[in-house]
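For reference, the structure discussed in these notes is given below.
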Amino acid sequence: MDETHSHLYPHIISPPYLIPTATTSTHTLSDLDIFVILASDGLWNTASVSNEWVVDTVSQGLRAGQNDVAQFLLDQVREISRPGDDVSIAVLVFRDLKHFE
């Protein structure tokens with residue numbers, strides 16, 4: 001890291017800054033799968049955010065007819081806590097939630 005910018009990243013002591021080994025898993029889709037949420041650690045490491053809360057919030061956004069449910073989720077996260085990191089979210093919707101009510 002260039003010494004000129006080292007004051008901007010005091011928590012970074014030495015390389016590697018990123019770990020190149022991805023954690024992956026597979027899941028065969030079933031008729032009960034409605035959506036999948038892909039998000040960076042900035043979402044999952046936010047205080048007061050749990051897997052269940054995220055799923056419930058996305059479901060609420062879909063039921064309300066939100067056009068951009070990922071943005072809806074991010075807005076809800078910002079209302080309850082302040083993410084400490086960059087947050088990237090993508091929600092892939094497979095089925096209309098109305099079929100499951």
Side-chain angles (χ1 to χ4, degrees):
M1 178 184 315
D2 185 332
E3 290 298 319
T4 333
H5 301 291
S6 62
H7 69 285
L8 298 174
Y9 307 99
H11 57 283
I12 298 176
I13 299 170
S14 64
Y17 306 117
L18 298 174
I19 300 170
T21 308
T23 302
T24 61
S25 62
T26 61
H27 172 77
T28 302
L29 292 178
S30 77
D31 290 340
L32 297 176
D33 293 316
I34 302 168
F35 56 82
V36 65
I37 303 160
L38 306 171
S40 65
D41 64 335
L43 172 67
W44 306 114
N45 293 339
T46 302
S48 303
V49 169
S50 67
N51 293 348
E52 293 79 14
W53 183 86
V54 170
V55 169
D56 289 345
T57 302
V58 168
S59 296
Q60 176 187 2
L62 291 172
R63 282 189 184 95
Q66 293 291 324
N67 290 330
D68 187 345
V69 73
Q71 184 63 53
F72 174 77
L73 174 59
L74 180 58
D75 293 342
Q76 298 304 305
V77 168
R78 289 181 174 154
E79 283 187 20
I80 64 164
S81 187
R82 182 172 180 219
D85 196 357
D86 293 335
V87 179
S88 297
I89 303 170
V91 179
L92 307 176
V93 180
F94 305 122
R95 303 188 196 318
D96 189 345
L97 195 58
K98 293 175 186 170
H99 293 124
F100 295 91
E101 294 178 345

Exercise. How about Arg95 and Asp31: do any of their side-chain heavy atoms sit closer than 4.5 Å?
Worked result: yes

Exercise. Distance-only, no hydrogens or angles: does the Ser40 side chain make a donor-acceptor pair with backbone N or O of Ser88 under 3.5 Å?
Worked result: yes

Exercise. How far does CG of Leu92 sit from CG of Asp33, to the nearest 0.5 angstrom?
Worked result: 12.0 Å

Problem set entry | Audit row: Phe72, Val58, side-chain contact (heavy atoms from CB on, under 4.5 Å) steps and yes/no | CA-CA 8 Å; Phe72 174 77; Val58 168; over 6 Å; no

Seminar exercise, completed: In short, Phe35 meets Val93 closest at the heavy-atom pair CB-CA, 4.0 Å

For this session: Give the cluster check for Phe94 versus Val55: same hydrophobic cluster or not, with ILVMFWY residues linked at side-chain heavy-atom distances below 4.5 Å.
Result: no

Exercise. Short question: side chain of Ser81, backbone of Val77 - any donor-acceptor pair under 3.5 Å?
Worked result: no

Exercise. Are the side chains of Leu43 and Leu73 in touch, meaning some heavy atoms are under 4.5 Å apart?
Worked result: yes

Problem set entry | Between Asp75 and Gln71: side-chain donor-acceptor atoms closer than 3.5 Å | yes

For this session: Measure the CG-CD1 distance between Leu29 and Ile34 for me, rounded to the nearest 0.5 Å.
Result: 12.0 Å

Exercise. Please walk me through it: do Val87 and Arg78 pass side-chain contact (heavy atoms from CB on, under 4.5 Å)?
Worked result: CA-CA 11 Å; Val87 179; Arg78 289 181 174 154; over 6 Å; no

For this session: Go through the steps to decide whether Trp53 and Ile80 satisfy the test side-chain contact (heavy atoms from CB on, under 4.5 Å), and finish with yes or no.
Result: CA-CA 11 Å; Trp53 183 86; Ile80 64 164; 3.7 Å; yes

For this session: Of all the heavy-atom pairs spanning Trp44 and Val54, show the shortest one and how long it is.
Result: CZ3-CG2, 3.7 Å

